[in-house]
Every structure is written in structure tokens, then in C-alpha cells.
Amino acid sequence: MNQLRILWTFFRLGAMNELAYRVNFFTQLFQAVMSLVLSLGGLAVVFNQTDTLAGWRPAELVALVGIYILVGGLINLMIQPSMQRFMEDIRMGTLDFMILKPADAQFLVSVRQVEIWKLIDIIMGLGVLVIALVRLGAQIGMAQALAFGVALLAGATIVYSFWMMLATCAFWFVKTENILVIFQSMYQAGRWPITIYPGWLQMMLTFLVPIAFAVTVPAQALTGRLTNQTLLLAILVATGLFGAARWFWRFGIRYYAGASA
Amino acid sequence: MADPVILLDNLSKTYLVPERDAGVMAAARSLVQRRHRAIKAVDQVSFRVEPGEVVGFLGPNGAGKTTTLKMLSGLLHPTSGTGRVLAYEPWQRQRDFLKVITLVMGQRNQLNWDIPASDSFELNRVIYRVPPAQYQQTLEELVELLELGPLINKPVRNLSLGERMKCEIAAALLHRPQVLFLDEPTIGLDVTAQRRIREFIREYNRRHNATILLTSHYMADVEALCKRIVVIHHGRILFDGPLAELVKRFSPHKTIAVELEHPIESNQYADFGEVVTQDDGRLMLRVPKADTAKVAGRLLAQLPVSDLTIEDPPIEEVIEQVFAQEVES
């Protein structure tokens with residue numbers, strides 16, 4: 001499939017791009033370690049006072065932190081840099097080059113920019129997740145693993161679609177980077193299971209900025225907390241948002257073709 | 001006659017531009033109620049381009065050149081009219097269409113700044129699905145013709161403007177397009193680099209019989225490359241034909257350059273024609289074409305002339321006049 005070859009080429013370019021600036025590797029490593037220490041430190045403080053937090057045991061929350069780092073790594077690896085580049089391309093007029101390529105333009109702009117060092121986050125997230133699972137001694141059945149995989153995929157799709165729609169707004173407003181900063185700071189809330197927040201904030205983190213689906217739901221799947229309804233909801237929201245993002249992109253491109261100078 | 005490669009029929013493009021008065025109140029009002037003004041960027045443009053032709057597309061800034069090129073390459077939908085490039089309607093952006101055209105924009109870059117051009121080329125190879133053998137052959141040809149040798153392995157940011165433009169052109173041609181839309185490919189380059197690119201375009205056209213539509217501000221580009229030009233102004237076509245024909249049609253004047261043996265008083269030459277320049281012993285006069293011989297004769301008879309030449313005015317001047325006439329009418 002040609003899309004995979006394109007994706008692989010972008011990865012290679014991203015790697016070569018970053019190898020030119022090796023200091024970024026160490027910056028990223030430092031950042032990742034700091035973020036991990038901060039998260040685990042926060043957990044230590046909490047569990048000094050109590051044995052469970054909203055029903056979550058320490059090792060379960062460590063698993064959640066693993067997923068938080070993992071998903072954050074996925075976002076920062078490709079989604080966030082590509083979307084930023086996409087908006088920049090609109091402003092600079094270089095988006096034309098993407099539209100003129102004989103490939104799906106939405107796909108191209110979505111995988112355009114790869115920040116390869118963010119793989120550190122992904123590896124670290126996976127590591128933390130594995131350690132937590134071992135500590136839990138949890139027997140993860142096939143069904144649970146499958147639910148986790150589906151939830152993670154749904155979560156990633158939801159986050160991608162969300163970003164895609166915000167970035168597509170740049171066709172009309174040109175400068176929308178500031179909206180994306182809001183997402184970055186809201187994502188911090190995903191460090192904790194969203195069930196610890198008050199109801200209105202849970203609603204916000206689920207439907208306004210869909211962090212719950214990205215982090216909490218996969219963690220629930222892994223720790224046997226996930227109801228079938230929630231999983232189904234995640235799948236439905238993912239499919240719906242993905243379709244909506246696609247439609248909105250097409251609408252944006254049509255507008256771009258009709259109005260841009 | 002073969003089918004034309006490009007065929008435009010009454011193509012028009014109107015932009016809706018938001019409009020507001022100056023000042024804070026007006027800005028606030030425009031948040032609620034936006035007024036729009038329609039601007040006709042391209043107004044009923046029709047022309048055709050035959051296979052293998054190199055056509056120069058001329059006009060001042062904002063004349064509608066880029067808008068037309070963007071419609072032809074599929075980036076913009078026209079407001080009305082029809083257009084065909086090869087067998088395709090460009091703005092459908094069918095993949096088969098995109099694979100046989102290319103658009104080079106002198107002011108915009110597609111190459112990744114931080115990596116060598118050869119790596120960006122590789123990306124285009126994958127996206128255009130160019131077979132490896134053909135890719136290798138095309139790349140070698142482009143490297144040879146554009147003298148890219150050592151350039152393509154250096155990070156693009158370390159290249160000079162001219163070198164970067166050569167790499168941009170190579171990147172745009174790796175899939176061997178049959179139709180090239182070149183929007184100011186030599187803008188900002190020094191004379192040597194301009195000439196290189198000009199020679200390349202001519203050679204590429206000769207080798208591959210590619211059809212080329214080219215815009216440029218540099219008349220040297222157009223004179224060297226295009227037998228035929230299309231002049232557009234305020235979105236309308238003013239002229240479509242051979243370059244020499246443009247000069248004949250739009251310049252009713254000739255320029256007489258006179259070299260004098262010694263400087264003379266200005267009242268001695270004022271009545272021969274419109275004085276373009278004069279300093280010490282040199283004099284440039286613009287005279288109606290029909291009077292050229294008569295005026296030259298009088299000049300020779302009445303002034304201490306050491307040398308006299310009659311020339312067509314520079315092409316820039318003719319073009320300027322074309323645009324000026326349009327404004328008056």
C-alpha cells in the first residue's frame with residue numbers, strides 16, 4: 001500500500017531531520033524523564049494519604065500514567081507537529097504543494113511532520129505500563145487486551161480527529177495555533193482518571209476536549225473497569241468524529257479552492 | 001492539428017473580499033455584519049496552447065496571471081467558464097491529471113529546509129509512484145542539465161537562492177510531467193542563474209516536447225523562450241500572438257538615438273520629436289513610426305550628427321504602453 005510507503009518515508013525524513021540537531025535528543029530525554037518523575041511523584045504524594053483514589057489502586061494509577069505518557073508521545077510524534085505544519089502551510093501558501101500531489105491530501109498533511117525523538121515518550125510509556133502490569137500481577141485475558149487495543153485506537157482516532165478539525169479552521173481564520181495550546185494544557189488533566197474530577201469537568205474532558213477517551217478509557221479497559229457501553233460509546237465517537245473531520249476537511253478544501261488568492 | 005494541451009473558454013474567477021472602513025468602530029461592526037466586495041481577478045479569459053508550445057504569460061502584478069495558473073493546475077475553481085488541460089478538467093484534481101502536470105512557484109518552496117534535496121526528491125518519488133529505473137534516469141538527466149551534482153546532498157538551507165531554485169525545479173519535474181506551469185521561476189535570481197534556468201527550460205522543452213506556460217517579470221526570459229505571448233491586464237486578455245507582433249501592434253513609435261559631435265542648445269532639437277533622454281552629446285527621441293525616415297533625414301541635415309540609429313523601443317516599454325492604453329480607454 002502506497003500510503004504505508006509514504007508514511008515510512010516521512011518517518012525517515014523526520015529521523016534525518018532530527019539527526020541534524022542531536023542536542024534535541026538529550027533535551028527530549030530530559031523532558032521525558034522529568035515528566036515521568038513528576039507524574040510518579042504526584043502519585044507518591046497522594047498514596048501517602050490514602051490507599052485508593054476514586055477506587056484506583058497505586059499500581060493501576062501507574063498503568064494510567066504509562067498510558068498518559070504513551071498517548072502523549074503519539075500525539076507529539078506526529079499529530080501535533082503535522083497539524084502545526086499544516087496551519088503554517090496555509091498561512092505561507094505552501095499547502096498548494098500538498099494539494100497538487102497525486103495522493104490523499106488529508107493523509108499527507110496528517111503525517112507530514114514526524115518528530116522522531118518523541119519515540120522516547122512512547123517507549124517510556126510502554127515501559128511504565130509493563131512495569132505497572134507486572135506489579136499488578138494482573139491476569140490480562142485476551143478479551144481485556146483486545147478491549148484495551150480497541151480503546152487505545154479509538155482514543156487516538158478521537159484525538160486526531162479533534163486536532164484535524166481545529167487545524168482545518170485555519171482555512172478561515174488563518175491563525176488558530178492558540179486553540180491548540182489549550183489542548184496541550186488540558187491534556188495535563190489526563191494524568192489522573194477523569195472520574196476524580198467534578199461532573200461538569202468530566203463532561204468537558206469527555207466531549208469538549210476528548211481526553212477521557214484517549215487516556216482514562218484505555219486504562220479502564222486494562223484494569224477491568226470498562227463497561228461495554230463505554231467501549232461502544234468510544235467506538236461510536238471515534239467513527240463519528242473521524243467522519244466529521246473528513247467532511248470538514250473537504251469543506252475546508254472547497255472553500256480554499258473557491259476563495260484563496 | 002493535434003488537440004490543444006490547454007484550452008480555456010471564457011474562464012472567470014471572482015473573489016469575494018471582505019471590506020471595511022478604517023477605525024475601531026468599523027472593525028467591531030464588521031464582526032457582526034460583513035460586507036464583501038467582488039473582485040474580478042480573471043475575466044472571460046480564452047486561449048489555447050498546442051502541444052510542445054512555450055507560451056509567455058505577461059501582465060503587471062495583480063493582473064490575474066497566478067490566478068489563471070492556479071485554475072489550470074487545479075488549485076482553484078473558476079467562477080464560470082470552462083477549461084481543459086489534456087483530457088482533464090483541472091479542478092477535479094484527478095490523480096492521473098496531477099501526475100502529468102507540475103506547478104513551480106518562484107516565491108514558494110516545497111523542499112524541506114533542513115535536509116538535502118535528494119531526500120525530498122525521494123519523497124516525491126514515493127508520492128508520485130515513479131518506477132525506480134525511470135526515477136534514476138530522470139534524476140540523472142536533471143542533475144546533468146541543471147548542474148546539480150554536489151548540490152543535492154547539501155542541506156537546502158545551505159544553498160544559495162539560485163541553487164535552491166534549481167533544486168526546486170528538479171523536484172517538480174521528477175515525475176516527468178507533460179505540462180509545466182512556471183510562475184516566476186527566475187524571480188530574485190542574479191543574471192547568471194536566470195540564464196541557466198532559461199537554458200534549462202528551453203532544453204527540457206526541446207527534449208521532451210513538454211508544453212510550458214510561463215510567467216515572468218523579466219522580459220529576457222520571455223524573449224529567449226517564448227515565440228508566443230499572452231498579455232493579461234485587469235483579468236482580461238489584451239494580446240495573444242507572436243512577440244514581434246506585439247511590438248508592431250502596440251508601439252506606434254520608433255526610437256532614434258543620435259550621437260552628436262558637440263553638445264547643442266535644447267531649443268535646437270525640441271521640435272524633432274519627444275525627447276526621451278539627453279545628456280551632453282547623446283540624444284534619444286521617440287517619433288511616430290510613419291515619420292521615422294523624415295525625422296532622421298532632418299536630423300542628419302540640421303544637426304551635427306556623428307552617429308544615428310533607429311530602433312524598436314525596448315519590449316518593457318511596449319508592454320508598459322499596452323497597460324497604459326488600457327487604463328486610458
Side-chain angles (χ1 to χ4, degrees), chain A residues 1-22 24 81-82 85 88-109 111-116 171-174 250-261, chain B residues 13-18 36 39 41 62 64 66-67 69-71 73-79 90-105 107-116 118-120 122-130 155 157 168 171-172 175 177 181 183:
Chain A
M1 194 140 137
N2 207 47
Q3 305 220 326
L4 281 179
R5 290 178 57 215
I6 293 174
L7 188 62
W8 170 241
T9 311
F10 274 121
F11 258 91
R12 276 191 41 222
L13 292 187
M16 277 183 293
N17 217 338
E18 288 290 317
L19 286 170
Y21 307 101
R22 230 169 332 166
N24 284 0
S82 293
R85 178 72 185 267
E88 201 182 300
D89 278 339
I90 291 180
R91 204 171 53 229
M92 308 286 290
T94 37
L95 185 72
D96 292 350
F97 289 117
M98 291 291 107
I99 299 177
L100 287 181
K101 295 279 187 282
D104 189 284
Q106 187 192 350
F107 171 73
L108 285 184
V109 304
V111 301
R112 176 97 197 272
Q113 196 81 24
V114 180
E115 282 185 17
I116 210 81
F171 280 126
W172 291 269
F173 303 113
V174 184
R250 290 223 171 112
F251 185 66
I253 282 283
R254 268 209 305 280
Y255 171 80
Y256 185 73
S260 77
Chain B
K13 177 75 188 175
T14 306
Y15 293 122
L16 279 182
V17 184
H36 286 92
I39 293 189
T66 303
T67 303
L69 283 194
K70 282 188 166 185
M71 286 193 280
S73 56
L75 284 168
L76 290 180
H77 276 261
T79 313
W91 35 94
Q92 304 276 344
R93 281 203 296 271
Q94 282 151 298
R95 300 220 173 139
D96 289 339
F97 167 71
L98 297 176
K99 276 186 175 185
V100 293
I101 64 143
T102 202
L103 172 67
V104 173
M105 293 180 274
Q107 321 222 48
R108 295 176 188 174
N109 305 57
Q110 67 163 322
L111 295 175
N112 192 324
W113 199 246
D114 290 312
I115 56 175
S118 55
D119 293 321
S120 291
E122 181 66 16
L123 180 67
N124 276 359
R125 182 185 76 75
V126 175
I127 291 177
Y128 282 96
R129 304 190 205 199
V130 184
R157 75 186 124 85
E168 283 285 338
H175 57 290
F181 301 112
D183 193 13

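Below, chains carry the letters A, B, ... as their sequence lines are ordered, and counting in each starts from 1. Treat the numbers as computed from the prediction; the structure is a model and nothing was measured.
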### Message
Only pairs of heavy atoms separated by less than 4.5 Å count here; which of A:Asn17, A:Ile6, A:Asp89, A:Thr9 has the most with chain B?
### Response
A:Asn17

### Check: A:Tyr256 ring centre within less than 6.0 Å of A:Phe171 ring centre
yes

### Message
At a heavy-atom distance under 4.5 Å, which candidate from A:Phe97, A:Phe10, A:Trp8 has the highest pair count against chain B?
### Response
A:Phe97

### Query
Does any heavy atom of chain A fall under 4.5 Å from the side chain of B:Asn109, the backbone, both, or neither of them?
backbone

#### Entry: Test: B:Asp183 and B:Lys70 ion pair at under 4.0 Å
no

### Query
Under a 4.5 Å heavy-atom cutoff, which of B:His175, B:Arg129, B:Lys99, B:Gln107 has the most pairs with chain A?
B:Arg129

### Query
Can you tell me if B:Thr79 and B:Tyr15 form a side-chain donor-acceptor pair at under 3.5 Å?
no

### Message
Is A:Met92 close to chain B through its backbone or its side chain, or both, or neither, when contacts mean heavy atoms under 4.5 Å?
### Response
backbone

### Query
Do the two ring centres, one from B:Phe97 and one from B:Trp91, sit under 6.0 Å apart?
no

#### Entry: Residue, of A:Leu100, A:Leu108, A:Ile253, A:Leu13, that accumulates the most heavy atom pairs under 4.5 Å with chain B
A:Leu100

### Query
Any ion pair linking B:Arg125 and B:Glu122 (charged N to carboxylate O, less than 4.0 Å)?
yes

